[in-house]
Amino acid sequence: MAENHTDHEHIGIPGYLAVFAILIVGTWITYVVAFWDLDSIFPGANTLLALAIAFTKMTVVMLYFMHVRWSKELIWLSAVASFFWLLIMFAFTMQDYFTRVSGVFSA
Amino acid sequence: MQNADAFNPSLMREPKDSYLTNGYSIKSWLLTKDHKRIALMYLISISVFFFMGGLYAAAIRLELLTPGSDLLQSATYNKAFTQHGILMIFFFLIPSIPATLGNFLLPLMIGAKDLALPRINLLSLYLYWIGGILTLYALMQGGVDTGWTFYTPYSTTFSNSYVMAVGLGIFINGFSSILTGLNFIVTIHTMRAPGMTWFRLPLFVWAHYATSLVMILGTPVVAITILLLAIERVVRVGIFDPAIGGDPILFQHLFWFYSHPAVYIMILPGMGVISEVISNFSRKKIFGYEFIAFSSIAIAVFGFLVWGHHMFVSGQSIYAGLVFSFLTMVVAVPSAIKVFNWTATMYKGSISYDTPMLYAIGFLGLFLVGGLTGLFLGSVGLTVHLTDTYFVVAHFHYVMVGGQVIAYLAGIHYWWPKMTGKMYSEFWGKVSAMLVFVGFNLTFFPQFILGYQGMPRRYASYPAEFQVLNVFSTAGASVLGVGLVMPVVYLTHSIFAGKPAGDNPWMLPGLEWRCQSPPTTFNFEEQPVVTWEAYEFGEENGLDIEEARRSAGRPVTV
Amino acid sequence: MQTDSWIPLFPESASSFSWQVDALYFYLIAISVAFMIPIVAAIFWFIVRYREREKFATPEEIHGSIVLETVWSIIPFIISMTIFLGGAVVYYTQYRPPDDAMQVYVVGKQWMWKIQHETGQREINQLHVPVNTKVKLTMTTEDVLHDFSIPAFRTKADVVPGRYTYLWFEATKPGTYHLFCAEYCGLNHSGMIGSVVVLEQDDFERWLQGNASNQTPVEQGRDLFENKLGCASCHAAGSGQRGAALENIYGKEVKFVGGGSAIVDDEYLRNSILNPSSQVVEGYQPIMPTFKGQVTEEQLIALVAYIKSLSGVDASAAAPSAPAAPAPAPANNMGSNSNQGGR
């Protein structure tokens, strides 16, 4: 984004390779933990762990690969806003699913 | 400020080098980075899609003239309304004002040479073409019959039509929309002329800023939804079809998360055009500038919280229905604020009855009906009866045609002299504005009554008792059709035989009127510096009004 | 279906809550007119009174008014809240089926409605109901989305594959009314229409007798349970019982292996037949095979009705045509509907 910056100023080729390595390792961990039976701890634990790993990978991509870490406040605002919108989508969709069980508001 | 001669109509010199005359080869158009040429190519492409969508509309109205399905069989009728919806929504309504008027005017209005990302702008046009051609190809091959909403599991499991090709077309076209939105936001942030502060921006620019936010935040979701639909249809992964473990209502949530805000992608730029036209043709500073500007942003934000009002009878929980109904009522308020401010703007103005203003006044009336019937449909108990009937059809045509298309026509007429340097026939302009208004009301008002009587939408045949009102509707559609074809004729004619318009035919203060008509490739000969607020019509603002009156060649009536 | 109303082009209004919808409709029309008239009058007044008298005139500037802006933000907000509340009240009436309603089962299919009464009578594209009796429809579909819409009763609801949705009404006038499919469902969508015939109490009795039923849903379900599908080999009480006991479970809470619990309702029972391994009740092994693809939606409805009858719910012996009869079962919280659609 900012002028006169080249990629190498930030993390350079080794940095990008490190990001790549993190992503590969993350994928591998996702694969391995899929075989653990975490749902016996509480239902949905497997999904939660997979999502947590995916979220970590995404954060690394955004911060380093997409240079958000070195960007201006406006870029940060845009990046955060998109998550806020994602949150809206999930929250308002889930308010439907979670209120379909028996109760005063169920059909 | 620029030298006064630059916008003095008495010096009607032949434009040296306008963007139109700067190169005539096909290559100079197809590889252009000029926002104005891209806008013009968009204008032509969009008109083609509008015309095709209109043909489907004509077929639908003719079929509904009689209760039986005699002109079109059910199979053909289902494809006709699906393709009417897809062409009109994705290839006309969504790109229409932003990609043509927005593309053309945004840099002019903020005093810039071009958009911030000219190559991206050209790319968005190409993506629009690729998506459009793919969709047209699918329609030629046999079309699609799922309804433009692609509800699952019909679209993923049961339909044998070209769902994948059309889905891909819409997917690609979505990126065109995202790129346009991105380009506008970057341009408005970085390319404003010196002195052009945020609160000196014309409201057209504010409306496009709000629209661009919706485009960027909403469109990726519909792209992902179509991708999921494709995965289910091709690889049979259970996402939406309950037979393989999916949930059809999830599709509706995802689809409407984009497609309701998409309604605001369509109407917000139209509201921007109306703000411009009403203020400029009343020669009056817009009433409540900040309220109109921020109501656009409020609509863009709250518009994301109301999608569930499309799903009141879909099987979502009663609680969700109540929440979405409440938020729908809240989002009605900013629209009401706009209507009140537009009306108040005309108070003590100097109102001329030029064609754009006639369209704008028509917009006020039709949008009022469209908005108020929106309250009917937001009121959840009433909607259980009204949804999926012709009441809904009438409501969204009042907003989309009565609102957006009328605003688009107002804008095309208003800026036509700037885009082409020629003046269209004012007489035929007024005739067509009247025909559109009358034809439109005759077409769609009877559908409100049909809807309350319970006639369901998307029916190729219907019980005979509904016929009378359908005949009215079809009759009105023919008037509307004539009214919509006329501008194509007289506007095209004006390019070749119209009077030269001059740089500023209406003596207006906006920056777009302070450059040559048609503008040169880089818009302004020197960097404009803005020292005035938006919508100031006085002579102290550099407008040589006395000279303009003389050259207009009309006696000054007092 | 022509209306006998004194308002032209107004549809027949024939259910216990249709007047509420009409009242809301007229309230909204009144509000619309109250907004339209002053605004349109103002527009016309302004464009005539302040028309252009001098080319390119520069009228006096008016910047706006905070007072006016506040007034015309707050008044529409208050009015819109009354509309919301009105709609919410009506919606609640429309979508909360009463406990003491007569049961009818509806299965949608491209492009017909298959209807079965609790007493066994089957109909296609026609629904006969007695007047002044609460009727509750339990609906599902074999293929795509449909929507059971009765304009004269001012109600409709989508019929969703993979789960049950419910609709209820109490017809107030004998007559024949339109039944439409209101959710686009493919080729012959506009042919998926029928009629709802509302009969006087006596006529309805006669109609029931004239269409003597072969099997009630509960009987059909018992037949499936004991013979055709062989559910009884595991679920019947006795030494061979390996599956969960089904007596008196309806409306109770069950706990699952691995945590979680659910209230037993129609949706739960349906899901347990189709996806047994997704909700194994504590104390049992996940040995039940899925019956997905082996039972039709109509058979599922019968099975659910039978299992419910084991808990004393909705015994088909209770004459549905007698409105005076009390609700047949105590634990009849039929308004329930679990969130398993979201699995």
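Convention: sequence-line order gives letters A, B, ...; per-chain numbering from 1.
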Is C:Thr93 in contact with chain B via its backbone, its side chain, both, or neither, using a 4.5 Å heavy-atom distance? neither
Give a yes or no answer on whether the side chain of B:Thr373 reaches the backbone of B:Phe376 with a donor-acceptor pair at less than 3.5 Å. no
Pair count under 4.5 Å, heavy atoms only, with chain B: among C:Ile39, C:Ile31, C:Val90, highest is C:Ile39
Quick check on B:Phe81 against chain C: is it the side chain, the backbone, both or neither that has a heavy atom closer than 4.5 Å? side chain
With side chains defined as the heavy atoms from C-beta onward, is the minimum distance between B:Phe363 and B:Ile278 less than 4.5 Å? no
Side chain from CB out, backbone as N, CA, C, O: work out which of these in B:Ile286 comes under 4.5 Å of a heavy atom of chain C, or both, or neither. backbone
Do C:Thr82 and C:Tyr27 get their side chains close enough for a donor-acceptor pair, meaning under 3.5 Å? yes
Any donor-acceptor pair under 3.5 Å linking the side chain of C:Gln94 with the backbone of B:Gly381? yes
Would you mind telling me which of C:Phe84, C:Phe46, C:Trp72 has the largest number of heavy-atom pairs within less than 4.5 Å of chain B? C:Trp72
B:Trp506, B:Tyr535, B:Tyr452, B:Phe291: which one forms the most heavy-atom pairs within less than 4.5 Å of chain C? B:Tyr452
So for B:Tyr151, is it side chain, backbone, both, or neither that comes closer than 4.5 Å to the heavy atoms of chain C? side chain
So, C:Glu297 and C:Arg270, do they make that salt bridge, N to O below 4.0 Å? yes
Using a cut-off of under 4.5 Å for heavy-atom pairs, which of B:Phe312, B:Tyr289, B:Phe281 has the most such pairs with chain C? B:Phe312
Out of C:Met81, C:Gln20, C:Arg49, which one racks up the most heavy-atom pairs below 4.5 Å with chain B? C:Met81
Hey, is the main chain of B:Gly454 close enough, under 3.5 Å, to the side chain of B:Tyr390 for a donor-acceptor pair? no
Top residue by heavy-atom pair count (under 4.5 Å) with chain C, among B:Leu250, B:Val330, B:Val333? B:Val333
Portion of C:Cys185 that has a non-hydrogen atom of chain B nearer than 4.5 angstrom: backbone
Any sub-3.5 Å donor-acceptor pair from B:Thr345's side-chain atoms to B:Phe287's backbone N or O? yes
Hey, which of C:Glu60, C:Met36, C:His189, C:Glu61 has the most heavy atom pairs under 4.5 Å with chain B? C:His189
Honestly, the part of B:Tyr462 sitting under 4.5 Å from a heavy atom of chain C is neither
Do the non-hydrogen side-chain atoms of C:Met112 and C:Val107 ever get within less than 4.5 Å of each other? no
Under 4.5 Å from any heavy atom of chain C, what part of B:Ala460 do you find: side chain, backbone, both or neither? both
Quick one: what part of C:Leu68 sits under 4.5 Å from any heavy atom of chain B, side chain, backbone, both or neither? side chain
Under 3.5 Å, which donor-acceptor pairs do the side chains of residues 149-162 of chain C form with other protein atoms, sequence neighbours left out?
from	atom 1	to	atom 2	distance (Å)
C:Arg154	NE	C:Asp22	OD1	2.8
C:Arg154	NH1	C:Glu12	O	3.0
C:Arg154	NH1	C:Pro151	O	2.9
C:Arg154	NH2	C:Pro11	O	3.3
C:Arg154	NH2	C:Asp22	OD1	3.1
C:Arg154	NH2	C:Asp22	OD2	3.3
C:Lys156	NZ	B:Val384	O	3.2
C:Lys156	NZ	B:His385	O	2.7
C:Lys156	NZ	B:Thr387	O	2.6

Heavy-atom contact with chain B under 4.5 Å, split by part of C:Gln110: side chain
Can you find a side-chain donor-acceptor pair between C:Ser13 and C:Ser18 that sits under 3.5 Å? yes
State, without any angle test, whether B:Asp145 and B:Thr82 hold a side-chain donor-acceptor pair at a distance under 3.5 Å. no
Among B:Asn341, B:Leu364, B:Ile361, B:Leu368, residue most engaged with chain C (heavy-atom pairs, under 4.5 Å): B:Asn341
Could you tell me if the side chain of C:Ile273 sits less than 4.5 Å from the side chain of C:Leu300, heavy atoms only? yes
Give a yes or no on whether the backbone of B:Met357 and the side-chain of B:Asp354 come within a donor-acceptor separation of less than 3.5 Å. no
Is B:Pro463 close to chain C through its backbone or its side chain, or both, or neither, when contacts mean heavy atoms under 4.5 Å? side chain
Most chain B-contacting option - heavy-atom pairs closer than 4.5 Å, from C:Val40, C:Ile29, C:Asn188, C:Asp143: C:Asp143
Side chain / backbone / both / neither for B:Phe158 at chain C, heavy atoms under 4.5 Å: side chain
The reported gap from OH in C:Tyr166 to CG in C:Asp266 (rounded to nearest 0.5 angstrom) is 4.0 Å
Highest number of heavy-atom pairs under 4.5 Å with chain C among B:Ser282, B:Gly321, B:Ala344, B:Ser325 belongs to B:Ser325
What option among B:Met346, B:Arg283, B:Lys285 has the most heavy-atom pairs under 4.5 Å with chain C? B:Arg283
Between chain B and each of C:Phe77, C:Phe180, C:Phe17, count heavy-atom pairs under 4.5 Å; write down the option with the most. C:Phe180
Which residues share a salt bridge (Lys or Arg N to Asp or Glu O under 4.0 Å) with B:Asp241, sequence neighbours left out: B:Arg236
Proximity breakdown for B:Val468 and chain C, heavy-atom pairs closer than 4.5 Å: neither
Keeping the roles fixed (side chain from C:Arg163, backbone from B:Gly315), state whether a donor-acceptor pair exists under 3.5 Å. yes
Given a strict heavy-atom distance threshold of 4.5 Å, which part of B:Glu536 is in contact with chain C: side chain, backbone, both, or neither? both
Proximal component of B:Leu386, with respect to chain C [non-hydrogen, under 4.5 Å]: backbone
Which atoms of C:Met192 are under 4.5 Å from chain B, going by heavy atoms: the side chain, the backbone, both sets, or neither? backbone
Where on B:Ile337 is there a heavy atom nearer than 4.5 Å to chain C: the side chain, the backbone, both, or neither? both
